[in-house]
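Note that ligands are numbered from 1 as they come in the structure, with each ligand's atoms numbered from 1 the same way.
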Amino acid sequence: MSKPEKIVAIKGMNDILPQDAPLWELFENTTETILKSYGYQKIVTPIVEETRLFSRAIGAVTDIVEKEMYSFEDSMNGDQLTLRPEGTASVVRAVLEHNLVYDGPRRLWYKGPMFRHERPQRGRYRQFFQFGAEAVGFSGPDIDAELIMMCRRLWDDLGIQNVRLELNSIGNAEERARHRTDLIAYLEKHEDILDAEAKRRLHSNPLRILDTKNPAMQEMVNGAPRLLDYLGEESLAHFNGVKNILDRAAVQYTVNPRLVRGLDYYNRTVFEWVTDELGSQGTICAGGRYDPLIETFGGKATPAVGFAMGMERIIELMKAMGEPAQPNQCDVYMVHQGEEARMQAFILAERIRDAGLDVVLHCATPAGAGSFKSQMKKADGSGAAFAVIIGEDEIANNVAAIKSMRGAAGEQQQTSVPFEEVVDHLVDQIISGGGHDHDHDHDHGHVHYHP
Ligand code: HAM
């Protein structure tokens, strides 16, 4: 028989492996704790939505809608569907569908996989995870600033340094229309310098041309009319309001007049958190206001603002900053030898778990049950604070040997404890301290992360 062909993951779609899971958990737990502390509530929306939800929300002439969406026809009923490329459109749909803002504004958050058919490279994937926050029904600059400060708190709590905040205001539709007329006139004057993409966008989405990465166009783009100079009184007041709060809260930022974002729903405040540590895909978090969006879906005019973070990028940044978290699989590893010992170990493991500790029981592999020595090696690698050892001698004496796994090999102590006292003994040692620096907080797993 020929060897079956291997099947591998789809290009640009990653497995998150167990060795990275503690970092992801740390990031997710920290973020969720912070979001909660600012009053944000969780919302979960489907991964698949109607295609027109995204094309209408994000804009027909955007990279995402033009060339990056995983869209398909449901062969069962002909529905036009898309794997969500982002979360804001779905949140807005859900807010309208369930009338979530009928009794006032809402602070919402979500996390989950997003899909974009981009060219995969470091920090850019076809399936990636976002953490997002959307504040719906708030109009003032205070909520914009609050979202930004929430991010800063997260970077601080995760020990992330070397990120900077870029801020801009892209005004409202009329202000952009006036700017657009002047911008198109300016770009037409320099048509010989425009690349094919820019020529195509000249009349459909000229603002995006300012965002070009093409070095040949930089100088021309630098001299283009700046949207910031077209802002009216109200937009300026809002922008100044955001900046004033950030100044008072000592949040550093740079105003980047060329920051325009790649999705069409934005108005007024836009921002990005950027790092130089990740190569070309350095934006770890991005967002802004999208006051007109809800009305375009038939809802009553409702201002809104939000952001989304790229989780893979932040995990990579955390890795770049320090040693990865050491995963502790368990508190206790059960080692046993012989049939009766195995039975005892099973029963005892359940009782230890009843007491709230995490227990890994040694189980047989195709190589067999494993010698005492090989089992102790596994116990060592598990990160357990204690090994509970049951062999023939222990069975004969109705005791278990409890070995401390922390400290240098010579200092590890072993004591014999009667079966009925094992649970209390372990609880006493692990939870009540017993001289061990054990962080027994189950919400945070057993992660000791040192940035
Ligand atoms: P976005 O700028 O398209 O905005 O994406 C937000 C973040 O998701 C990016 O800054 C980046 O960290 C991450 N990201 C985007 N594409 C990829 C990719 N292909 N691979 C890895 N990470 C990626 C939005 O999605 C808006 N919904 C944000 C928002 C929420 N605005 C208002 N509310």
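Heavy-atom distances between Y265 and ligand 1 reach below 4.0 Å in at least one pair. Ligand 1 is never approached by E312 to a heavy-atom distance shorter than 4.0 Å. Contact annotation: R261 has at least one heavy atom less than 4.0 Å from an atom of ligand 1. Heavy-atom separations between G132 and ligand 1 are all 4.0 Å or longer.
Heavy atoms of R124 found under 4.0 angstrom from ligand 1 belong to the backbone as well as the side chain.
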Checklist entry - When you look at D380 and M405, which way does the side-chain contact (heavy atoms from CB on, under 4.5 Å) test go after all the steps? => result CA-CA 7 Å; D380 214 25; M405 306 298 287; 3.6 Å; yes
Checklist entry - When you look at R200 and E66, which way does the salt bridge (Lys or Arg N to Asp or Glu O under 4.0 Å) test go after all the steps? => result CA-CA 12 Å; R200 204 171 47 80; E66 279 185 335; 3.2 Å; yes
Next on the checklist: side-chain contact (heavy atoms from CB on, under 4.5 Å), that's the test. Do Y290 and E134 meet it? Break it down for me.
Outcome noted: CA-CA 10 Å; Y290 49 95; E134 313 288 355; 2.7 Å; yes
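If you check which protein heavy atom lies closest to atom 14 (N) of ligand 1, you get F128 CE1, 3.5 Å. Scanning the protein for heavy atoms near atom 6 (C) of ligand 1, the closest one is Q130 NE2, 3.3 Å. Looking at atom 19 (N) of ligand 1, its nearest protein heavy atom turns out to be E118 OE2, 2.7 Å. When hydrogens are left out, the protein atom nearest atom 27 (N) of ligand 1 is E86 OE1, 2.5 Å; that is the closest non-hydrogen contact. Atom 20 (N) of ligand 1 has as its closest protein heavy atom Y125 N, 2.9 Å. G310 CA, 3.5 Å is the protein heavy atom nearest to atom 13 (C) of ligand 1. Summary of contacts: the protein heavy atom closest to atom 7 (C) of ligand 1 is A308 O, 3.6 Å. From the protein, the heavy atom lying nearest to atom 12 (O) of ligand 1 is T283 O, 2.8 Å.
Near L263, with a cut-off below 4.0 Å to any heavy atom, the atoms of ligand 1 are 3 (O), 4 (O). Every atom of ligand 1 is numbered from 1 in the order shown, and the set under 4.0 Å from a heavy atom of G123 is 20 (N), 21 (C), 22 (N). Taking every heavy atom of G287 and a limit of under 4.0 angstrom, the matching atoms of ligand 1 come to 31 (N). Counting atoms of ligand 1 from 1 in the listed order, those under 4.0 Å from a heavy atom of E134 are 30 (C), 32 (C), 33 (N). Interface of Y290 with ligand 1, defined as ligand atoms under 4.0 Å from a residue heavy atom, comprises 32 (C), 33 (N). Set against the non-hydrogen atoms of Y266, the atoms of ligand 1 under 4.0 Å away are 26 (C), 28 (C), 29 (C), 31 (N), 32 (C). Against a heavy-atom cut-off of under 4.0 Å, I284 is close to the following atoms of ligand 1: 12 (O). Taking a cut-off of under 4.0 Å to the non-hydrogen atoms of F307, the atoms of ligand 1 that pass are 29 (C), 30 (C), 32 (C), 33 (N).
A distance-only check finds no donor-acceptor pair linking the side chain of T275 to the backbone of G282 [under 3.5 Å]. Side chain of H179 to main chain of P225: a donor-acceptor pair is present (N/O by atom type, distance under 3.5 Å, no hydrogens or angles).
A donor-acceptor contact closer than 3.5 angstrom links the side chains of E49 and S90. Neither side chain, R164 nor Y253, offers a donor N or O lying under 3.5 Å from an acceptor on the other. Using a 3.5 Å distance cut-off with no hydrogens or angles, the side chains of H238 and D144 do pair a donor with an acceptor. Between the side chains of N267 and N172, no donor-acceptor pair is found at a separation under 3.5 Å. Between the side chains of R261 and Y266, at least one donor-acceptor pair of N or O atoms lies under 3.5 Å. Q121 and S280 are linked by a side-chain donor-acceptor pair at a separation below 3.5 angstrom, with hydrogens and angles left out of the test.
Screening W24, F27, Y110, F115 for a ring pair (Phe, Tyr, Trp, His ring centres under 6.0 Å) involving F129 leaves a single residue, W24.
Taking the ring centroids of W273 and F307, they lie at or beyond the 6.0 Å cut-off.
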